[in-house]
Visitor: 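I am attaching a structure below and will ask some questions about it afterwards.
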Amino acid sequence: NNGTGYFLWAAPDASTILTPILEPSTNPRCMRFHYHMRSKDAGSLRIFVLTVNNSVQFPYLLNPYENRQNLKTITGNQGDIWHQSSVNIPQTRLVAGFEAVASNKERYSAVAIDDVVFLDGACGVQTCDTNEGMCDGDNVCYHLEERCNYRTFCLQETDELYCTDGMIHFLFLHYKD
């Protein structure tokens, strides 16, 4: 996301990645991550957790469909920029997972994730940098260059609301008694 290091790009069709086992916590937890989904039919990114009992030591032995709790799904083309998102995760012993699924129209997934971080405390109100705006409803930041560019970035299209083309338009109504 910041131009250095590495990111994870999903393989064709469907890809699932699991975190190491997270031990129980007495406090709320937040998982923050960046994602990139650019394609005409980018598919979906599903964020989930798997409850893990004490006998499991290696998360790669888990079935990603058993004891699964879906936390968030992001679908479709999100533009050619990295987005930040976060989800609250349960306080139990668990494994967090990301699943990228290609759409039926694409032969490959156009989904990537980066900078996955686990934070103590519940996910707070998202704050954006000074060169970013915030999508209403989903608390996701977008670069101001994406505002009013006739390409929807925000899920609820709030980045394209109240835009003008730089011209002032008047409507003249003639009223006759």
Visitor: So with a 6.0 Å cut-off around CG of Asn53, is the heavy-atom count from everything else above 12?
Guide: yes
Visitor: Quick one, Glu99 and Phe48 - any side-chain contact, counting heavy atoms below 4.5 Å?
Guide: yes
Visitor: Taking Gln91 for its side chain and Pro24 for its backbone only, find out whether a donor-acceptor pair lies under 3.5 Å.
Guide: no
Visitor: Taking it one step at a time, do Trp82 and His34 satisfy ring-ring contact (aromatic ring centres under 6.0 Å, His included)?
Guide: CA-CA 6 Å; Trp82 286 93; His34 288 82; 7.2 Å; no
Visitor: Taking Asn27's backbone N and O only, do any of them form a donor-acceptor pair with Ser25's side chain (distance below 3.5 Å, no angle check)?
Guide: yes
Visitor: Any chance you could lay out the side chain to side chain contact (heavy atoms under 4.5 Å, CB included) test for Ile21 and Val95, step after step, and finish with the verdict?
Guide: CA-CA 5 Å; Ile21 295 172; Val95 169; 3.8 Å; yes
Visitor: Can you check whether Gly97's main-chain N or O pairs, donor with acceptor, with Arg46's side chain at less than 3.5 Å?
Guide: no
Visitor: May I ask whether Phe118 and Leu71 are part of the same hydrophobic cluster, defined by side-chain heavy atoms of I, L, V, M, F, W, Y residues being less than 4.5 angstrom apart, directly or through others?
Guide: yes
Visitor: For Ile74 and Tyr35, run side chain to side chain contact (heavy atoms under 4.5 Å, CB included): C-alpha distance rounded to whole Å, both residues' side-chain angles, the deciding distance at 0.1 Å, then the answer.
Guide: CA-CA 10 Å; Ile74 303 165; Tyr35 66 94; 3.6 Å; yes
Visitor: Ignoring hydrogens and geometry, is there a side-chain-to-backbone donor-acceptor pair from Ser86 to Cys123 under 3.5 Å?
Guide: no
Visitor: Could you list all the salt bridge (charged side-chain N to carboxylate O under 4.0 Å, His left out) pairs where at least one residue sits in residues 80-92, not counting sequence neighbours?
Guide: Arg38-Asp80
Visitor: Does Thr75 reach the side chain of Met37, with side-chain heavy atoms less than 4.5 Å apart?
Guide: no
Visitor: Could you tell me which residues satisfy side chain to side chain contact (heavy atoms under 4.5 Å, CB included) with Ile17, sequence neighbours excluded, listed by chain and number?
Guide: Leu8, Phe98, Ile113
Visitor: Specify the closest pair of heavy atoms between Arg29 and Thr92, including all atoms of both residues, with the distance to one decimal.
Guide: NH2-O, 2.6 Å
